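Let me begin by presenting the structure, written as structure tokens, before commenting on it.
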Amino acid sequence: MAFKPEKPSIHGETPDTLGERLVAAGHPRYRAGQVFEWLYPRRSETAETMTNLPAGLRAWLADQYDFEATALVQRKASSDVTQKILQRLRDGSLIETVIIRAPMEGVGQEKSRRTICISTQVGCAYGCKFCASGLEGWKRDLSVGEIVSQLVQVCRIEDKADPARAAEGLASFDNIVVMGMGEPLANYDNLLAALRIVNAQWGFGFGARRVTISTSGVVPKILKLAEEPLGFRLAISLHGATNEVRNQIMPVNKKFPLEELIPAAKAFARKHGRMLTLEFILIEDINDSLEQARKLAVIARELHAHVNLIPYNKVEGLPWVRPSLTRQDRFVKELRALGVTATLRREKGHDIDAACGQLRLQTEKAEAGGATPPPAAA
Ligand code: SAH
Ligand code: SF4
């Protein structure tokens, strides 16, 4: 069900691939380098603005390439520190990108840590029982250009909001987390090609160590990622410390149970010599018992992993409940008492439906029902 756009996205190219096409069309190869200076450091929105290129080449670029494979549809600012951005692809599909600002102690908002959370697929085939992205299944993978364009759009928003930091571009972000819609490792090749562009000096020059890929546990791809020369960070969505609990809420566990997932995670950590993160959504009476906390502690210690606890974020139409604050605290205290480093993310942006896939779902429902579409992005 691959989508074939009218024109390829310029953001899916590299200096090599663009160079080849330039030469084939009768333009000098070295022009590719100039195009990339415009695309990333200066974030040109059209070929027309690339003023040191000959007019003929600008016209060729505009004719051959899509400069806006993703377009802003809606922005929702939360009362706290999260901004959710809905982007529309050329086939009408919607994806979500989130900017999270975590203020640093003792400094103003402008010095907060900024993280971008990106999507890799439209929908998701993995069908986790608690997740809005999985509710309506997988529609398609994002292309390389769509993944990169998503980041370019975020930069454009930030440039307008904060001109003083605009010149820093993506460098002014502290982290990229691949935790939006979709299972990143199920779109492995496109994701990795996009992240290489993000990392390249001619691209965003964004360090691999500042990129975290989150997976529900696609074991063969974890092993493949471990072999990549670029050392991206890995987060594993565990959500259950036993096969019994994982099987109940994550169908992927039937294919790749804990006895395969844990050794794969260990192999990754050993290869990159760096700490893994285990994500654990707390859902009442499903995985929030002290027994689960103790079993999770055993896994976390074996993997030398950090545990990130996320109180379940309500999804309309699903039966799960967020545990009380007391139960959340009891769980984190048990982990810490057992020597595990754990954070309890009183998640940011609850009020803007920040959990995976929820904003898209609401907008699609509203549009299908003929309701007023969301306002265009400012
Ligand atoms: N598919 C990948 C990455 C996208 S999901 C993965 O599963 O890891 C990103 C994170 O959001 C995952 O940890 C996922 O479990 C979590 N998530 C999904 N639905 C949620 C909800 N309703 N409340 C809180 N976290 C949720
Ligand atoms: Fe897919 Fe991740 Fe949602 Fe599971 S939690 S359905 S893997 S996006």
Side-chain angles (χ1 to χ4, degrees), residues 82 84 95-98 100 115-142 147 150 175-188 191 211-219 221-222 225 232-240 245-256 261 265 268 276-284 286-288 305-323 328 343-362:
T82 312
K84 188 132 187 166
I95 55 162
E96 299 179 356
T97 318
V98 184
I100 305 150
T115 298
I116 314 177
C117 174
I118 60 170
S119 293
T120 51
Q121 299 183 307
V122 182
C124 182
Y126 282 70
C128 300
K129 301 277 190 274
F130 46 81
C131 171
S133 292
L135 268 186
E136 297 193 345
W138 174 84
K139 194 165 161 201
R140 70 175 177 86
D141 289 343
L142 298 197
I147 297 172
Q150 210 184 141
N175 300 293
I176 295 174
V177 293
V178 189
M179 290 189 186
M181 201 193 310
E183 168 48 55
L185 297 189
N187 187 14
Y188 189 95
L191 172 65
V211 178
T212 301
I213 301 173
S214 173
T215 179
S216 60
V218 188
V219 166
K221 295 295 166 59
I222 294 173
L225 191 65
F232 300 110
R233 290 179 189 270
L234 184 68
I236 293 183
S237 291
L238 202 65
H239 309 329
V245 170
R246 283 196 108 226
N247 283 341
Q248 211 181 331
I249 52 178
M250 301 180 77
V252 66
N253 196 66
K254 302 226 168 85
K255 200 157 180 202
F256 304 116
L261 179 57
F268 184 95
L276 292 174
T277 303
L278 298 177
E279 307 274 344
F280 205 93
I281 302 182
L282 288 171
I283 310 177
E284 189 172 281
I286 297 291
N287 64 4
D288 66 338
H306 175 90
V307 173
N308 193 14
L309 298 170
I310 312 152
Y312 170 69
N313 208 352
K314 183 82 191 142
V315 177
E316 213 188 297
L318 296 182
W320 319 107
V321 174
R322 164 185 293 210
Q328 294 174 24
T343 38
L344 178 58
R345 201 170 76 193
R346 300 247 192 261
E347 102 293 5
K348 311 199 161 75
H350 188 49
D351 56 328
I352 57 154
D353 313 307
C356 192
Q358 288 180 53
L359 184 63
R360 161 187 172 254
L361 210 64
Q362 283 173 3

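Note that this is a predicted model, so its numbers are computed, not measured. Order of appearance sets the numbers: ligands from 1, and atoms from 1 within every ligand.
Interface atoms of ligand 1 facing Val315, defined by a heavy-atom separation under 4.0 Å, are 22 (N). Those atoms of ligand 1 that come under 4.0 Å of a heavy atom in Thr215, given as number and element, are 6 (C), 8 (O). Taking every heavy atom of Gly180 and a limit of under 4.0 angstrom, the matching atoms of ligand 1 come to 4 (C), 5 (S). Under a 4.0 Å criterion applied to the non-hydrogen atoms of Ser216, ligand 2 contributes the atoms 7 (S). Residue contact check: Gly182 has heavy atoms under 4.0 Å from atoms 8 (S) of ligand 2. Applying the 4.0 Å criterion to heavy atoms of Gly182 picks out, from ligand 1, the atoms 1 (N), 2 (C), 3 (C), 4 (C). Atoms of ligand 1 found under 4.0 Å from any heavy atom of Pro184, numbered from 1 in the order shown, are 1 (N), 2 (C), 3 (C). Remark: ligand 1 atoms within the under-4.0 Å shell around heavy atoms of Ile281 are 15 (O), 16 (C), 17 (N), 20 (C), 24 (C), 25 (N), 26 (C). Residue Ser216 has at least one heavy-atom neighbour below 4.0 Å for each of these atoms of ligand 1: 6 (C), 7 (O), 8 (O). Using a 4.0 Å cut-off to heavy atoms of Gly127, the atoms of ligand 2 that qualify are 6 (S). Heavy-atom proximity to His239, at under 4.0 Å, picks out these atoms of ligand 1: 13 (O), 14 (C), 15 (O).
Tyr312 has its side chain within reach of Leu318: a pair of non-hydrogen atoms, C-beta onward, lies under 4.5 Å apart. At a threshold of 4.5 Å between non-hydrogen side-chain atoms, the residues Trp320 and Ile281 do not count as touching. Within the 4.5 Å cutoff, the side chain of Ile283 has no heavy atoms near those of the Asp288 side chain.
Checking Met179, Met250, Arg322, Glu183 against atom 9 (C) of ligand 1, the nearest heavy atom belongs to Met179. Among Cys128, Ser237, Cys131, the residue whose heavy atom lies nearest to atom 7 (O) of ligand 1 is Ser237. Nearest-heavy-atom check against atom 3 (C) of ligand 1 across Ser214, Pro311, Ser133 picks out Ser214.
At a heavy-atom distance under 4.0 Å, atoms from both the backbone and the side chain of Phe130 approach ligand 1.
Remark: distances from the non-hydrogen atoms of Ser237 to ligand 2 are all 4.0 Å or more.
Side-chain atoms of Thr277 do not come within 3.5 Å of backbone N or O of Ala235 as any donor-acceptor pair. Between the Arg322 side chain and the Lys314 main chain, no donor and acceptor come within less than 3.5 Å of each other. Using a distance-only test at 3.5 Å, with no hydrogens or angles considered, no donor-acceptor pair links the side chain of Trp138 to the main chain of Gln121. Formation of a donor-acceptor pair under 3.5 Å by the Asn187 side chain with backbone atoms of Leu142 is found in this model. Counting only distance, with no hydrogens or angles, the side chain of Ser216 and the backbone of Ser237 share no donor-acceptor pair below 3.5 Å.
Taking backbone and side-chain atoms together, Cys131 has no N/O/S atom less than 2.8 Å away from atom 4 (Fe) of ligand 2.
Atom CD1 of Ile213 is separated from atom CD1 of Ile222 by 10.5 Å, given to the nearest 0.5 angstrom.
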Begin with the C-alpha distance, continue with both residues' side-chain angles, and end with the deciding distance and a verdict on side-chain contact (heavy atoms from CB on, under 4.5 Å) for Glu279 and Ile310.
CA-CA 7 Å; Glu279 307 274 344; Ile310 312 152; 3.1 Å; yes
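For Thr215 and Glu183, the side-chain atoms include at least one donor-acceptor pair closer than 3.5 Å.
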